[in-house]
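In what follows, every heavy atom counts, from backbone to side chain, and hydrogens, waters and symmetry copies are set aside. Numbers restart at 1 for each chain; the letters A, B, ... are given by sequence-line order, proteins then strands.
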There are 2 protein chains.
Amino acid sequence: MSGKPNSDRRTVRRQETQREIVQASWEVVREHGLAGLSMRDLGERVGMRAQSIYSYFASKNEIYDAMFLEGYEAFAVWIANAADDDRAADDPTGVARAVARAFVEFCTSDHVRYQLLFQRTIPDFTPSAESYAVALQVYEEFSARLSTIGVHDQATLDLWTAVLTGVTDQQISNDPGGDRWKQLIDRAVDMLLADARTHTTTESEKV
Amino acid sequence: MSGKPNSDRRTVRRQETQREIVQASWEVVREHGLAGLSMRDLGERVGMRAQSIYSYFASKNEIYDAMFLEGYEAFAVWIANAADDDRAADDPTGVARAVARAFVEFCTSDHVRYQLLFQRTIPDFTPSAESYAVALQVYEEFSARLSTIGVHDQATLDLWTAVLTGVTDQQISNDPGGDRWKQLIDRAVDMLLADARTHTTTESEKV
DNA sequence: GTCTATAATCTGATAGAC
DNA sequence: GTCTATCAGATTATAGAC
C-alpha cells in the first residue's frame, strides 16, 4: 500500500469487490431480516469463504456502515428525482404531495433499508462519523425542500416527519405490499398544510 | 397434574415462578435490547440454571408470548385509567388530547415494550392465537374510545394511528427521554380533529 | 488476496440423574 | 423441579500456509 498511488488498478479492483460485498449484503438482509446478516451466508453469496471478507471490511458493523451510507445516498437521489418529476405542478400543494409520496414510497419500497436508515433496531451498531455526517446533510436537504413549501420552523418540520414516518410505519407493519396507508398521503399533506397555515405568518406561505 | 385441582398450592407456586421469570425477562430486555434475551442471562437473573427455565416455558418464544400478553394487558389498563383521569374535561378536544397523550406516554415510557407490541422486529416470533386475540380486543377498545370523539370510519382511524405512532417513533428514536415530539401532541390532535371535521358529517361530531 | 484451520464464545434446547 | 452434562449449531475473528 505505502508509496503507491491511491487510484491503483489494485485499489480499483478492491473497491469493486467491496461494492459487490455490500450489494450481496442487501440481498441477504432482504431475505433474512436486517439482523440476519451472517458472514457465512454472505461469503457463500459472493463466492468467498466467510473469513476472506475480513480482507475488505474489518468487521460486520463496517458492512452495516457501508450499507447505511449507500442508503442515504440513494435517498438523496430519490428525493431529488421525485422533485424534478413533479416540477410541472408549481402549486405548493402539488409539490408537497409529491415530496410526501416520494418519501413514503422510498421507505416502503425496501423496508429493511428503512429499518437501517431510520430506526435504531440492530444492537451495537452506530454509524461512523463520516456516514452520520452524510445522513445529516441529506436530512438537511430534505428539510430545505420542505421549507420551500411553507415548513419553516423546527416544530412544524418535526410534525411533518412524524406524520410521514407514521404513515410509513403503519404501511410497513400492518399492510406490507398494500396501500391502505399510502392512499392517505394526500389527505395527510392537506391536513399538514392547513395546520402550517394557522401556525405561521401568511408571508411564509409564499415560496 | 391429572386429578388434582387447578388451584393447587403447587400450581400457584408455579404461576408465581412464571411471573417472576417474565419480570426478569423484561429486565434483561430493557438492558440488552428486545432481541438480546438469552436463556443463560435470564437464568442467572432468576437464580436458576438456564435449562431449568424450560420447566416453566417450553421455548424462548413462549416467554416472548407471555410478555406480549402482559404488555397488551398493561396497555388496556393504562388507557382506561387515563380516560378516567381526564373525565372532568368533557369537551371532545380535551378527551382526544388526553387519549393521545396517554398513548404516546405509554409507548415512550418503555420503548422495548413498544417494539414488542407494535412493531414486528424479532424474527420467528408470532404471538399465539390467545395472545393475539387479546391484542385485537384491546385495539378495538382503543378504537371505540376514539370513535366517541368523532373518529368513525376506518380511513380516519388509520390516519390517527399513523400520526400517533409517528410521533411516538420520532420521540423514541430521535429524542429518547426528551419531549421534543411529545410537546407536539396537542397540536397534532387539533390538526386531526380539524381534518375529521372536513371528512365526516357534522352529525358525527357529537358524542 | 484467498485459502484452511481454528480459537473462543455464544446460542437454544434435550436427556437423564437425583 | 432443579441439577449436570451435553448436543448441535451459530457467531466474530485471527493465524499462517500458499
Applying salt bridge (charged side-chain N to carboxylate O under 4.0 Å, His left out), can you list everything that pairs with [X], at least two apart in sequence or on another chain?
X      : answer
A/D65  : none
B/R180 : A/D158
A/K182 : A/E105
A/D153 : none

What is the separation between atom [atom1] on [X] and atom [atom2] on [N], rounded to the nearest whole Å?
X      : N      : atom1 : atom2 : value
B/R9   : D/dG1  : CZ    : P     : 13 Å
A/R49  : C/dA5  : CZ    : P     : 10 Å
B/I122 : C/dG12 : CD1   : P     : 12 Å
B/I21  : C/dG12 : CD1   : C1'   : 15 Å
B/Q18  : D/dG1  : CD    : C1'   : 13 Å
B/E44  : D/dC3  : CD    : C1'   : 16 Å

Assess the pair A/F103 and A/F142: is the distance between their ring centroids shorter than 6.0 Å?
yes

Do any side-chain nitrogens or oxygens of B/S55 fall under 4.0 Å of OP1 or OP2 in D/dT2?
no

OP1 or OP2 of D/dC3 under 4.0 Å from side-chain N/O of B/S52:
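Indeed, a polar side-chain atom of B/S52 lies that close.
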
At under 4.0 Å between heavy atoms, how does the protein contact nucleotides 13-18 of chain C? Give one character per nucleotide, 5' to 3', with B, S or -.
BB----

Do other residues, nucleotides or ligands put more than 12 heavy atoms under 6.0 Å from B/E141 CD?
yes

Describe the nucleic acid contact of [X] in one word from base, sugar-phosphate, nothing, applying a heavy-atom distance below 4.0 Å.
X     : result
B/L42 : nothing
A/I53 : nothing
A/S38 : sugar-phosphate

Return each pair, listed once, that meets ring pair (Phe, Tyr, Trp, His ring centres under 6.0 Å) where at least one residue sits in residues 23-65 of chain A; pairs must be two or more places apart or across chains.
A/Y64-A/F125

